[in-house]
There are 2 protein chains.
Amino acid sequence: MEQNLLVRKLEGYGPLSVNDRMVIEKMTAANVATFRAKSNILADGECPEQIHLILDGWAARYKTLSNGKRRIMAFLIPGDFCHLHVTVLKQMDHGIIALTPCKAAMLDSRKLSDLANKRPNLTRALWWTTLVDEAVLRQWVVNATRPAFTAVAHLMCELHQRLKSIGLVKDGKFELPLTQAELAEATGITTVHLNRTLKDLRESGLIELRAHSLFIPNFAALAKAAGFNDRYLRLREGKKRGDDIRLVNALIGGDSLAVPN
Amino acid sequence: MEQNLLVRKLEGYGPLSVNDRMVIEKMTAANVATFRAKSNILADGECPEQIHLILDGWAARYKTLSNGKRRIMAFLIPGDFCHLHVTVLKQMDHGIIALTPCKAAMLDSRKLSDLANKRPNLTRALWWTTLVDEAVLRQWVVNATRPAFTAVAHLMCELHQRLKSIGLVKDGKFELPLTQAELAEATGITTVHLNRTLKDLRESGLIELRAHSLFIPNFAALAKAAGFNDRYLRLREGKKRGDDIRLVNALIGGDSLAVPN
DNA sequence: CGGTCCATTGATCTGCCTCAATTAACGTGG
DNA sequence: CCACGTTAATTGAGGCAGATCAATGGACCG
């Protein structure tokens, strides 16, 4: 990873000081693990000792049902944590699989805890990532009951916005290194039906997808078809609040931080 | 509320000191609001000033879709927070409606923040509630793609276990003050189909439901039919960890706390 | 005692699933 | 660099779970 995408992601929430950035970069560079495509990063039931942070590649949260089918409940991209709260909930209630070759920083939870205690704006930024994950999940619940066309379109919008926030979208185009089977598991429909739905989306001119590269010629049009509104992703949520960050810092007992307006 | 159900809920996670209990009880008693059935507790887009904690009654998180249909994404019962993190994310990305007459404590977020800072085990317990909410949401994503029979059975199991953890289940029986339309919105199926599904569940002897009172004669049987495993609800998660709570307290810089084994 | 909301049931329709097969892409060793 | 095996994408045909439309009975309430 040329540049630290966690830094970039967190800055999507609010300003970080130079120190914050340095500390994050040092921490995430310390201990990096590599995972092969289709290998498990964390198994269901496992009790991880460290916090995994995706630095490169795509991963997914999933559960395997009793009938052997798998349901993907979230896609993880660079800057996403696998299990931020190992100290509160030890055991995984789902698995995490690398969909592509992945690199992940292995963070010591104690160190991260210490760090967050000293840097309230970092604490808030970490909180923010958790709450956004939850908001995305709520949207997936909604999506799961909508018609396939809308649901798939919505997923494309979500991925576009999330990847854009970490700088992985160029001219409305981004890498989507997922198989149709994986997309199907994430939308809760069959591979066959997903394929037909993609065809519909292509034929309606909303997306261009070939060789795992997705191009959205007109994002507004796709968003309209999908009923997508990125408000729930809370990009720039913290920036809008610059004014009261000092108050918040005081409130949670943290050190002060110069905040650009 | 005869006894404070938040206390009871949090004790489902781990031990609270006498002080913790007192502080919570005082705080939740201070400022209580009442909501009529079918009234909005928090509207989508609203920026709440206070943290709402359900003390009595049932509420639901929901989103209204562009076609006017509503999707319920969570049921809130006594002890549940509506929006614990008003300081991190100001604006609601969904609405919260009282399904029955409700009472809710209105907590000052600043005070709660202060309190949590002084009481690390309370902080951890609050974290726990957030993480369990997320785990439930993941399960709802899975549920939304399963057949109606299984999905409804699973919901019944979830509600049974959650209500049991706050002492609202007696002899396998509890009040379920929801209309079939509301249950349908929560499972993502039609009212008509939900009705038929309930009929199926009744006829297979797994549930007895009449006059908004649900009786589960054989929970294990229902759980088996639903593919339900309550591990994800993390009841007694903290208790199992009693041994290392001191370590954790030290880790997050908190005061020490006597822990029963 | 009529109005309103809720539960229940029937009949019909359809989006998506299942089963099945063909074609395209990809990787790997000869 | 091509042949071949494997995995991924695509298309067809038929079936079913659940949606839609419609109507009736029951419960609660002012």
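In the text below, chain A, chain B and the rest are named by the order of the sequence lines, each starting its count at 1.
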Exercise for the section: Provide the full list of side-chain hydrogen bond (donor to acceptor under 3.5 Å, both in side chains) pairs with a residue in residues 35-44 of chain B, sequence neighbours left out, each pair given once. Expected result: Arg231(A)-Asp44(B), Lys38(B)-Glu182(B), Asn40(B)-Tyr62(B)
Practice task
Answer yes or no: is there a donor N or O on one side and an acceptor on the other, between the side chain of Glu185(B) and the main chain of Arg71(B), under 3.5 Å?
Solution key: no
Practice task
Considering just the side-chain nitrogens and oxygens of Lys199(A), establish if one lies under 4.0 Å of OP1 or OP2 belonging to dT11(D).
Solution key: yes
Exercise for the section: Grab the NZ-P distance between Lys38(A) and dC26(C) for me, whole Å please. Expected result: 14 Å
Problem - Stepwise ring-ring contact (aromatic ring centres under 6.0 Å, His included) check, Phe219(B) with His160(B) - result: CA-CA 9 Å; Phe219(B) 184 79; His160(B) 176 273; 4.5 Å; yes
Practice task
Would you mind telling me which residue lines up with the more 5' stretch of DNA chain C, Arg202(B) or Arg146(A), judged by nearest nucleotide?
Solution key: Arg202(B)
Exercise for the section: Kindly determine whether Leu233(A) and Arg162(A) satisfy side-chain contact (heavy atoms from CB on, under 4.5 Å), including the steps that lead there. Expected result: CA-CA 8 Å; Leu233(A) 292 174; Arg162(A) 286 174 58 199; 4.3 Å; yes
Exercise for the section: With the side chain counted from C-beta on, respond yes when Met156(B) and Leu176(B) share a heavy-atom pair under 4.5 Å apart, and no when they do not. Expected result: yes
Completion exercise
Quick note, Asn195(A) side chain, CB onward, closest among dC16(C), dA19(D), dT10(D) is dT10(D)
Practice task
Let me know the distance between CG of Leu214(B) and P of dA7(C), rounded to the nearest Å.
Solution key: 14 Å
Using the 3.5 Å cut-off, write out each protein N or O paired with an N or O of nucleotides 18-21 of chain C and the distance between them.
unit_1	atom_1	unit_2	atom_2	d
dT18(C)	OP1	Lys69(A)	NZ	3.3

Practice task
Starting at atom CG of Leu176(B), determine the distance to atom C1' of dC6(C), rounded to an integer number of angstrom.
Solution key: 14 Å
Handout entry: Of all pairs that satisfy side-chain hydrogen bond (donor to acceptor under 3.5 Å, both in side chains), the ones with a partner from residues 200-216 of chain A, not counting sequence neighbours
Key = none
Exercise for the section: Let me know the distance between CD of Glu203(A) and C1' of dT10(D), rounded to the nearest Å. Expected result: 12 Å
Exercise for the section: Name the nucleic acid region contacted by Ala148(B), choosing base, sugar-phosphate or nothing; use a 4.0 angstrom heavy-atom cut-off, strictly under. Expected result: sugar-phosphate
Problem - Atom pair distance, as rounded to whole Å: CG in Asn67(B) and P in dA19(D) - result: 13 Å
Handout entry: Value in whole Å for how far the C1' atom of dA24(C) lies from CZ of Arg210(A)
Key = 16 Å
Handout entry: Donor-acceptor contact present, side-chain Arg70(B) to main-chain Thr64(B), <3.5 Å
Key = no
Fill in the blank from the handout: When rounded to whole Å, the CD to P distance for the pair Gln180(B) and dG25(D) reads 18 Å
Fill in the blank from the handout: When rounded to whole Å, the NE2 to C1' distance for the pair His212(B) and dG26(D) reads 13 Å
